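Indexing begins at 1, ligand by ligand and atom by atom, following the structure's order. Quantities reported herein were computed from a predicted structural model and do not represent experimental measurements.
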Amino acid sequence: MTATEPATGTDLLDAVADLGAALRQSLEASTSTTASAAQLREAAAGIRAATAPLAALPRPYDKLPAVDDMARAVRVFNPVVGVGSGVAVPLDLRPDPAGGGVVARAALGQRYEGPPTFLHGGISALLMDQVLGHAAIAANRWGMTVGLDVRYRRPVPLHVTVRLAGRVAAIDGRRTTVVGTIAADDAPDVALVEATAVFVSPSPEVAARYFAGVRTASGEQVSGRVGTG
Ligand SMILES: CCCCCCCC(=O)SCCNC(=O)CCNC(=O)[C@H](O)C(C)(C)COP(=O)(O)OP(=O)(O)OC[C@H]1O[C@@H](n2cnc3c(N)ncnc32)[C@H](O)[C@@H]1OP(=O)(O)O
């Protein structure tokens, strides 16, 4: 089991992951197809028909999904690492065997395109925010992002396996500074993207105010550490 992988084995979680995978396939196909207008309309109608029964059973946004595991900071619909999310990669972050921090490998598809054939810069920032946040959590330093500095050295190619890594660089009171990179997996020392993030662990009063209304699926209040952002 990895840092971002939810416990498997429940029928609901397997189904959530299956739907997430189907959604990602659908997004990737929709951004890379040469289908005709008629074929696209037929697909849109099918997707709307499949969505209607789900939309008829809404979950209030301040009630966490039953498949989340807050104790292990697993959020199944997180837009970067969540196996149930249609927009997530999803990244599979693991402890970095090179020492300290976390690392993931992924090939990013056309649904994340910015300049033709390259990754959108905003997606790089999103991925780095999450990777660096997990590096903070791995060091037992959960916090909310208060600053994210991203340097784009070279464009990140699509459909090529890249390595995303982060490690804690400094700790100062409630502040944790984390650094990381995106690099081609076969040239990990040549950073395409460099990022530095500062995470601040909210004071207990602020955390209580922000998350007072949030409940787990079984109705328990969530306070303090609230997981993967
Ligand atoms: C696995 C996890 C992955 C997570 C990835 C995604 C994470 C997210 O998306 S989080 C969402 C985006 N971030 C936010 O919405 C946060 C918005 N900011 C806030 O709400 C508040 O600043 C909050 C709660 C973080 C801190 O508030 P509060 O508890 O009142 O702390 P506050 O007293 O203001 O500051 C605490 C310390 O941090 C410092 N600090 C605050 N902001 C900054 C900043 N931008 N840069 C540097 N230091 C800062 C303060 O100077 C203070 O330092 P000191 O103790 O030395 O005086």
S.K.: I need the atoms of ligand 1 closer than 4.0 Å to a non-hydrogen atom of Val146, numbered in the order shown.
M.R.: 22 (O), 25 (C), 42 (N), 43 (C), 44 (C), 45 (N), 46 (N)

S.K.: Heavy-atom distances under 4.0 Å are what count here, so tell me which part of Thr145 touches ligand 1: side chain, backbone, both or neither.
M.R.: both

S.K.: Could you tell me whether a side-chain N or O of Arg41 sits under 3.5 Å from a main-chain N or O of Ser36, the two making a donor and an acceptor?
M.R.: no

S.K.: Just jot down the ligand 1 atoms closer than 4.0 angstrom to any heavy atom of Ser203, in number order.
M.R.: 29 (O)

S.K.: Numbering the atoms of ligand 1 from 1, which are under 4.0 Å from a heavy atom of Val200?
M.R.: 25 (C), 26 (C), 36 (C), 38 (O), 40 (N)

S.K.: Considering only heavy atoms of Ile137, which atoms of ligand 1 have at least one such atom less than 4.0 Å away?
M.R.: 1 (C), 2 (C)

S.K.: Could you tell me which atoms of ligand 1, counted from 1 in the order shown, lie closer than 4.0 angstrom to a heavy atom of Tyr210?
M.R.: 19 (C), 20 (O), 24 (C)

S.K.: Keeping Gln110 on the side-chain end and Glu28 on the backbone end, is there a donor-acceptor pair under 3.5 Å?
M.R.: no

S.K.: Where is the tightest heavy-atom contact between Ala136 and Val168, given as atom of each residue plus distance?
M.R.: CA-CG2, 4.0 Å

S.K.: Output yes when Arg163 and Asp185 qualify as a salt bridge under the 4.0 Å nitrogen-oxygen rule, no when they do not.
M.R.: no

S.K.: Sub-3.5 Å donor-acceptor pair from the side chain of Tyr112 to the main-chain atoms of Ile123, do we have one?
M.R.: no

S.K.: When you compare the side chain of His120 with that of Glu113, does any pair of heavy atoms fall below 4.5 Å?
M.R.: no

S.K.: Counting only heavy atoms closer than 4.0 Å, does ligand 1 sit against the backbone of His134, its side chain, both, or neither?
M.R.: both

S.K.: Closer than 4.0 Å to some heavy atom of Gln130 - which atoms of ligand 1 meet that?
M.R.: 1 (C), 3 (C), 5 (C)

S.K.: Does Arg59 have more than 12 heavy atoms from other residues, nucleotides or ligands lying within 6.0 Å of its CZ?
M.R.: yes

S.K.: For atom 39 (C) of ligand 1, which candidate among Met144, Arg175, Glu205 holds the nearest heavy atom?
M.R.: Arg175

